[in-house]
**Q** 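Sending over a structure as structure tokens; questions will come in a sec.
Since we're looking at a predicted model, the values are computed, not measured. Lettering of chains follows the sequences in order, A, B, ..., and the numbering in each one begins at 1.
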2 protein chains.
Amino acid sequence: MPRAATTSDVFNAIAETRRRDILAFLADGEHAVSDIVDRFEMSQPSVSKHLRVLAGVGLVDARRDGQRVLYRTNAEALRPIHEWTGRFERYWGRQLLRVKERAERKGRA
Amino acid sequence: MPRAATTSDVFNAIAETRRRDILAFLADGEHAVSDIVDRFEMSQPSVSKHLRVLAGVGLVDARRDGQRVLYRTNAEALRPIHEWTGRFERYWGRQLLRVKERAERKGRA
DNA sequence: TTGACATATTCCGTTATGGGCATAAACTCA
DNA sequence: TGAGTTTATGCCCATAACGGAATATGTCAA
């Protein structure tokens, strides 16, 4: 079995750097597809495909405005991930020493 | 270009459900590979491969104990994700109404 | 050293990915 | 209706994913 489909859940959807970039860009407000194309110098079909994935898991909402389609980040959909990582918050700081040691060992190697 | 390598960054590493399960299991304390195998009813090679990915991005640390190898979650490595999603926290709540409407539209469709 | 146990690695097959390109679809305006 | 603009989709390719089975590596005990 290959990796779970990117459309299956939010974790997979944000595994792609481009999509995280797009989410950040669309967080402040609506933007048309062509804006994203210009901003990140990606091909239009590529952008549309990423948006399709993001929309599939509810990470963005779309709205037609004449010829254009305006997208916007639905930040609420990122909450599950924030909460999941937050469950590990209680362990932060405890292992700082070990992390440091590991980094130093790697540095010498 | 195919999908980004799972070993490239933490976002890709946690895109797999199994690996998230393993991380949660190893958060409380060290566990041997065989413990994970029993716990999740996965094949031993499969577990070893997942652990390799997790170790590759620093999400787990390993320690030999005789014939066994004890793994432990390095929660610190999850911090970047928590912080990234945290950047969207300021937008939470604003779109609740729209989200609700969207869900209702879907319910009727 | 040999045997037993625990873990890691390799090879293989199936599947999904994301980009490029061409084209379809949706919309506006004359 | 037809041309022009914007966005979505379909097809193909090269790549990497994950699982299974077999095997290699590592460790201990006798």
**Q** OP1 or OP2 of D:dT27 versus the side-chain N and O atoms of B:Arg64: is any pair under 4.0 Å?
**A** yes
**Q** Could you check how far CG of A:Leu70 sits from C1' of C:dC27, rounded to whole Å?
**A** 13 Å
**Q** With a 4.5 Å heavy-atom cut-off, do B:Met42 and B:Val37 have their side chains touching?
**A** no
**Q** Taking everything shown except B:Arg20 itself, do over 12 heavy atoms lie less than 6.0 Å from its CZ?
**A** yes
**Q** Taking the nucleotide of DNA chain C with the nearest heavy atom to each, does B:Val47 or A:Arg18 sit closer to the 5' end?
**A** B:Val47
**Q** Within the pair A:Ser46 and C:dG18, is there a side-chain N or O less than 4.0 Å away from OP1 or OP2?
**A** no
**Q** Report the distance from atom CG of A:Asp9 to atom P of C:dA16, rounded to the nearest whole Å.
**A** 15 Å
**Q** Rounded off to whole Å, could you give me the CZ-to-C1' distance for the B:Phe40 and D:dG19 pair?
**A** 17 Å
**Q** For A:Ser43, which contact category applies under a 4.0 Å heavy-atom criterion: base, sugar-phosphate, or nothing?
**A** sugar-phosphate
**Q** Where the side chain of B:His50 is defined as all heavy atoms beyond and including C-beta, which of D:dA8, C:dA8, D:dC18 is the nearest nucleotide?
**A** D:dC18
**Q** Distance check needed: D:dC18 C1' versus B:Leu54 CG, whole Å only.
**A** 14 Å
**Q** How long is the line joining CG of A:Leu51 and P of D:dT6, in whole Å?
**A** 16 Å
**Q** Please determine whether any donor N or O and acceptor N or O are separated by less than 3.5 Å between the side chain of B:Gln44 and the base of C:dA6.
**A** no
**Q** Checking contacts here: which listed nucleotide (D:dT27, D:dG19, D:dT6) is nearest the side-chain heavy atoms of A:Gln67?
**A** D:dT6
**Q** Is a donor-acceptor contact shorter than 3.5 angstrom present between the side chain of B:Lys49 and the base of C:dT10?
**A** yes
**Q** Can you identify which nucleotide, out of C:dT7, D:dG19, D:dT6, has its nearest atom closest to the A:Arg68 side chain?
**A** D:dT6
**Q** Quick one: label A:Ser34 by what it contacts on the DNA or RNA (base, sugar-phosphate, nothing), any heavy atom closer than 4.0 Å.
**A** sugar-phosphate
**Q** When you check the phosphate oxygens OP1 and OP2 of C:dT7, does a side-chain N or O of B:Arg52 lie under 4.0 Å from one of them?
**A** no
**Q** Give me the ring orientation class for A:Phe25 and A:His31: parallel if the planes are under 30° apart, tilted from 30 to 60°, perpendicular past 60°.
**A** parallel
**Q** Can you measure A:Glu30 atom CD to D:dT7 atom C1' for me and round it to whole angstrom units?
**A** 16 Å
**Q** For A:Arg18, I'd like to know if atom CZ has over 12 heavy atoms of other residues, nucleotides or ligands within 6.0 Å.
**A** no
**Q** Without decimals, in angstroms, what is the distance between A:Ile36 CD1 and D:dT7 P?
**A** 9 Å
**Q** Nearest-Å distance, NE2 (A:His31) to P (D:dT7)?
**A** 13 Å
**Q** Can you find a heavy atom in the side chain of A:Tyr91 that is under 4.5 Å from one in the side chain of B:Asn74?
**A** no
**Q** Choose from D:dA22, D:dG19, D:dA8 the nucleotide whose nearest atom is closest to any side-chain atom of B:Pro45.
**A** D:dA22
**Q** For A:Tyr71 and D:dA8, is the shortest distance between a side-chain N/O and OP1 or OP2 below 4.0 Å?
**A** yes
**Q** Applying side chain to side chain donor-acceptor pair (under 3.5 Å), which residue pairs with at least one partner in residues 34-45 of chain A are found, sequence neighbours left out?
**A** A:Gln44-A:Ser48
